[in-house]
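Just so it is clear: chains get the letters A, B, ... in the order the sequence lines come, proteins before strands, and each one is counted from 1. Keep in mind that the numbers below use all heavy atoms, side chains included, and drop hydrogens, waters and symmetry copies.
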Amino acid sequence: MYVKFPLSEDSVEAKAFKRELLGDEDDPRKVYFLIWTTTPWTLPANLGIAVNPQFEYAAVEAGGEVYVVAGELVETVAAKLSLNEPHIVARFPGSRLDLLEARHAWLDRPSLLMLGDHVTLGGEADAETELDVSEARDRRATGKAGTGLVHTAPGHGHDDFVIGKTYGLDIYCPVDNAGRFTAEVEHFAGEGVFEANPHIVAFLRERGVLLFDEPYAHRYPHCWRCKNPVIFRATPQWFISLDAAARDAVEVERDEDGRDLTNYTDNEEAAPESLRAMALREIKNVEWVPAWGEERMRNMQKGRPDWCVSRQRVWGVPIPVFYCSACGEAVADRATINHVADIFERETTDAWYSRPASSLLPEGFKCPKCGSSEFTKETDILDVWFDSGASSVAVLESERYEGLRWPADVYLEGGDQFRGWFNSSLMVGLAAHDRAPYRTVVTHGWTLDAQGRAMHKSAGNAVAPEEFVKDSGADILRLWVVSSDFKEDMRCSDEILQRVSETYRKIRNTVRFALGNLDGFDPATDAVGLNEMQEIDRWALAELDVVITRVLEAYRTYEYHAVYHALYNFCTVTLSARYFDIIKDRLYTSAPKSHARRSAQTALNYIADALARMLAPILVFTADEIWENLPGVKGRRGGADAGAADEGGAVTASVHLAEFPVAGVGHDARLRERWVRLFEAREVVLRALEEARTSKLIGSGLEARVRIAAKRKTYELLEHYREELRYVFIVSQVSLTLLEEADAEELRVRVERADGRKCERCWNYSVRVGEFTRYPAVCERCVEALGEIEAEGGEAE
RNA sequence: CGGCGCGUAGCUCAUGGCAGGCGAGAGCGCUCGGCUGAUAACCGAGAGGCAGGAGGUUCGACCCCUCCCGCGCCGACCA
């Protein structure tokens with residue numbers, strides 16, 4: 001709607017202005033300021049009109065009246081209003097209008113002309129509409145609505161409020177809590193604002209001040225919950241000042257009950273600081289993970305407005321303020337607040353609602369200003385952020401929990417909580433103890449879908465954790481969490497969870513292999529000392545040691561995805577593809593109680609034990625399942641190095657009562673270096689075997705005899721392990737020769753069919769199969785193993 | 001628009017962050033093959049990335065600077 005506000009012609013300034021426009025201050029034609037608005041109900045609260053000082057405005061004469069509108073909008077406005085032969089009588093910059101006075105369109109009240117950069121030519125300049133910038137630009141290019149003069153009601157919108165404050169206008173808001181006009185609003189008192197809209201339009205039309213109205217679609221803010229349109233009202237609120245220094249020194253809690261004194265400040269004498277100053281100081285002392293959190297928090301505190309802590313809700317923690325019924329004085333001093341606090345401690349905050357003001361105040365309390373003893377209670381409640389911000393004090397200093405202390409070691413939440421919980425906790429912590437309530441703050445990123453977009457139920461791309469847990473279990477969901485770098489945004493989708501499920505199965509299967517091969521192994525009697533173990537078993541433990549070191553460090557620094565990758569890589573490469581594959585021969589064919597087999601089992605037991613401990617925080621259930629199946633836990637009590645026992649040898653009932661494995665046990669850097677080179681050679685052999693397989697020379701690697709020629713350096717290494725090589729490469733025979741230094745290759749591998757026949761017991765090929773009358777289908781190694789089994793009274797297959 | 005962050009193979013991550021240096025790595029997945037005593041398993045080989053894009057600094061940049069593009073969080077009486 002377009003409404004005209006007449007110029008107040010009485011003032012000297014107005015006369016001068018009219019003379020400029022029409023040449024004569026006594027010209028009978030009246031001058032009007034033309035405003036446009038989509039919210040008729042805010043007009044009763046109009047106290048001003050804003051124009052943009054940068055724009056050019058024009059005075060348009062039509063039908064004996066003169067209208068002021070933005071120069072660029074003259075044509076569109078004239079067309080829309082069907083003005084009778086409009087013509088421009090003057091042009092002037094917006095700044096010319098500053099501080100002129102109009103009369104309200106129908107009320108006996110001035111409306112002040114003001115300058116504001118928020119005024120646009122696109123319409124929808126009203127603060128109420130919250131149009132975003134790009135959309136506003138589009139709108140400006142297409143349909144124009146508006147006059148370049150913005151009706152301003154400081155009580156009904158942010159921009160209006162701000163400019164109203166600048167010009168010293170009242171913050172006038174004649175709408176009550178129920179959304180109805182108050183009694184002072186002529187003609188419309190008691191009407192709900194939305195119901196009043198058409199009445200106001202009709203009323204203005206009758207008065208002849210409405211020049212045009214039409215239906216107009218535009219954005220308008222709605223309640224996020226009930227979806228109804230909301231209205232803006234400026235209302236009195238309680239704030240906590242961030243810049244005012246405390247008038248009194250903070251009361252310092254003394255260390256009465258043995259709590260760490262450093263938790264509390266004792267700077268009673270120090271000059272009072274503002275909350276903001278304290279916050280900026282404390283932010284430096286907190287460890288932020290990731291580190292950029294410090295800068296984010298600091299920037300936020302720098303530009304933060306005072307904390308509005310009052311909320312108009314019927315539930316919550318009341319603000320313990322009283323108002324004098326006689327003089328209106330707000331009462332909230334230490335004595336009254338402590339009095340209320342004492343009552344709350346006994347009766348909970350419900351007392352605020354159940355007791356009258358008189359019984360919430362100290363006996364005989366009188367208004368410090370007027371001496372009256374009649375008071376009313378504040379009805380606003382505290383911002384719930386204040387509640388959560390107080391959690392550190394409420395929980396950590398509660399006597400209901402043992403072993404807790406303030407401040408907290410760690411706060412962990414999503415990055416959205418910088419402005420939320422991290423902030424409110426900091427404020428309350430500072431108020432209570434002058435210190436940050438946390439030593440470390442860890443933040444995680446957002447969960448996004450496969451395309452990296454935020455999950456929304458409405459977009460249908462959300463993964464419901466509870467659904468997934470129901471199908472696949474919490475262990476796998478936790479494994480997903482840990483597989484991602486939680487400090488950044490994390491992606492989650494069916495495919496990703498599918499992958500994680502597969503890695504879970506791999507880990508579980510790997511440990512199951514170890515446990516399966518520990519059947520009958522009793523760490524107390526069967527374990528082999530580290531120095532007596534076969535070298536590859538010690539190699540496995542040396543690799544495990546590296547993993548332990550890496551995992552413990554990663555846990556310590558919140559690099560959980562590094563934990564995941566280290567453990568998973570260990571399971572797939574070190575164990576499954578290498579160690580397990582190589583020792584299968586020994587586990588399956590050596591005599592059950594042979595030293596060779598027990599050597600491998602000792603390593604397996606240690607590995608399974610360590611994996612259970614390291615996996616425990618992630619695969620909570622699976623780790624316990626592993627734990628229960630460790631031979632040291634199953635029934636018996638383990639030895640010191642037998643695993644499944646904590647330091648001191650005590651077997652714990654649950655892995656979650658056990659410590660992380662200790663680094664350094666299997667440490668052997670030189671051994672690992674040798675085996676790095678051995679495995680490099682193994683890769684060359686494996687490639688050669690693959691070629692032989694492709695050409696149908698062999699199928700299984702055990703069908704092969706490998707002829708290796710190596711230059712001096714490699715030769716010497718391999719020579720040292722000559723008898724081990726067939727097991728490391730998993731072939732039946734290996735021969736080794738020296739390669740000329742002039743040769744191009746460091747290592748040359750030829751694959752042939754293995755000599756002899758396949759041993760039906762161990763599947764290796766041997767020229768000696770058939771030599772042994774007692775076991776004609778078996779090789780020399782198996783004959784020996786079978787002999788041992790028989791000697792132990794066991795049953796040889 | 002303002003504050004902060006992210007963008008390396010199909011996927012999850014290394015390397016790279018104020019110590020820039022030869023042809024950017026791993027595992028999974030995929031393709032092909034082997035094994036059949038971890039079998040709703042296991043082993044191997046292979047293909048696969050111009051490090052979001054464009055400039056700049058430099059003898060030399062994934063790594064430093066600028067701009068652009070894409071994405072996320074915050075700027076809400078939602079916790």
Quote, to the nearest angstrom, the [atom1] distance that separates [N] from [M].
| N | M | atom1 | answer |
| --- | --- | --- | --- |
| A61(B) | A24(B) | P | 13 Å |
| A19(B) | C65(B) | P | 13 Å |
| G7(B) | C68(B) | C1' | 14 Å |
| C28(B) | G46(B) | P | 14 Å |
| C6(B) | G23(B) | C1' | 29 Å |
| C22(B) | A51(B) | P | 15 Å |
| G52(B) | G5(B) | C1' | 16 Å |

Please work out if [X] contacts a base, only the sugar-phosphate, or nothing of the nucleic acid, heavy-atom cut-off 4.0 Å.
| X | value |
| --- | --- |
| Val573(A) | sugar-phosphate |
| Ser493(A) | nothing |
| Trp385(A) | base |
| His565(A) | base |
| Gln301(A) | nothing |
| Gln312(A) | base |
| Asp383(A) | nothing |
| Trp480(A) | nothing |
| Gly699(A) | sugar-phosphate |

4.5 Å side-chain heavy-atom contact, His444(A) and Val481(A)
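No - every pair of side-chain heavy atoms lies 4.5 Å or more apart.
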
Is there a side-chain contact between Leu587(A) and Leu604(A) (heavy atoms, below 4.5 Å)?
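The answer is yes, as the side chains (C-beta and beyond) meet within the 4.5 Å cut-off.
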
Starting at CH2 of Trp288(A), measure out to CE of Met297(A) and round the result to the nearest 0.5 Å.
4.5 Å

Please check if any side-chain donor atom of Thr622(A) sits under 3.5 Å from a side-chain acceptor atom of Tyr504(A), or the reverse.
yes

Only one of Leu686(A), Leu689(A), Val734(A), Val684(A) passes side chain to side chain contact (heavy atoms under 4.5 Å, CB included) with Val749(A); say which it is.
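Testing Val749(A) for a side chain to side chain contact (heavy atoms under 4.5 Å, CB included) against Leu686(A), Leu689(A), Val734(A), Val684(A) leaves exactly one candidate, Val684(A).
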
[X] side chain near [N] phosphate (N/O to OP1/OP2, under 4.0 Å):
| X | N | value |
| --- | --- | --- |
| Thr694(A) | A45(B) | no |
| Tyr568(A) | A26(B) | no |
| Thr503(A) | G27(B) | no |
| Arg296(A) | C74(B) | no |
| Trp292(A) | C4(B) | no |
| Lys506(A) | C42(B) | yes |
| Asn299(A) | C4(B) | yes |
| Arg512(A) | U39(B) | yes |
| His444(A) | C73(B) | no |

I need the [atom1]-[atom2] distance between [X] and [N], as an integer number of Å.
| X | N | atom1 | atom2 | result |
| --- | --- | --- | --- | --- |
| Ile698(A) | G33(B) | CD1 | P | 16 Å |
| Arg550(A) | C13(B) | CZ | P | 17 Å |
| Met490(A) | C13(B) | CE | P | 9 Å |
| Asp489(A) | G7(B) | CG | C1' | 11 Å |
| Arg687(A) | G33(B) | CZ | P | 20 Å |
| Asp485(A) | U15(B) | CG | P | 10 Å |
| Ile507(A) | G27(B) | CD1 | P | 15 Å |
| Tyr579(A) | C43(B) | OH | P | 16 Å |

Working for side chain to side chain contact (heavy atoms under 4.5 Å, CB included), residues Asn605(A) and Leu630(A)
CA-CA 7 Å; Asn605(A) 184 234; Leu630(A) 283 170; 3.9 Å; yes

Please determine, for the side chain of [X], which listed nucleotide ([options]) has the closest atom?
| X | options | answer |
| --- | --- | --- |
| Glu502(A) | G44(B), C28(B), C42(B) | C28(B) |
| Asn569(A) | A26(B), C28(B), C74(B) | A26(B) |
| Lys696(A) | G34(B), C74(B), C71(B) | G34(B) |
| Glu703(A) | U12(B), A38(B), C35(B) | C35(B) |

Partner nucleotide of G25(B) by Watson-Crick or wobble geometry (both distances under 3.5 Å)
C13(B)

Who pairs with G44(B) - Watson-Crick or G-U, where each distance is under 3.5 Å:
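Partner of G44(B): C32(B).
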
Between the side-chain atoms of Ser576(A) and the base atoms of A38(B), is any donor-acceptor pair under 3.5 Å?
yes

Any donor-acceptor pair, under 3.5 Å, between the side chain of Arg491(A) and the base of C11(B), if you only look at N and O atoms?
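No, no donor-acceptor pair under 3.5 Å.
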
Assign the ring pair His565(A) / His561(A) to parallel, tilted or perpendicular, where the plane angle (0 to 90°) is split at 30° and 60°.
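Judged by the thresholds at 30° and 60°, the geometry between His565(A) and His561(A) is perpendicular.
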
Mutual orientation of the aromatic rings belonging to Tyr411(A) and Tyr438(A) [parallel < 30°, tilted 30-60°, perpendicular > 60°]:
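Because their plane-to-plane angle is over 60°, the rings of Tyr411(A) and Tyr438(A) count as perpendicular.
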
Have a look at A19(B) and give me syn or anti from its glycosidic angle (syn if within 90° of zero).
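Syn conformation for A19(B).
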
Quick one: do Ser392(A) and Ser425(A) satisfy side chain to side chain contact (heavy atoms under 4.5 Å, CB included)? Show the steps, please.
CA-CA 7 Å; Ser392(A) 75; Ser425(A) 294; 5.6 Å; no

Take Gly452(A) and Leu686(A), find for each the nucleotide of RNA chain B with the closest heavy atom, and name the residue whose nucleotide sits nearer the 5' end.
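Its nucleotide being nearer the 5' end, the pick is Leu686(A).
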
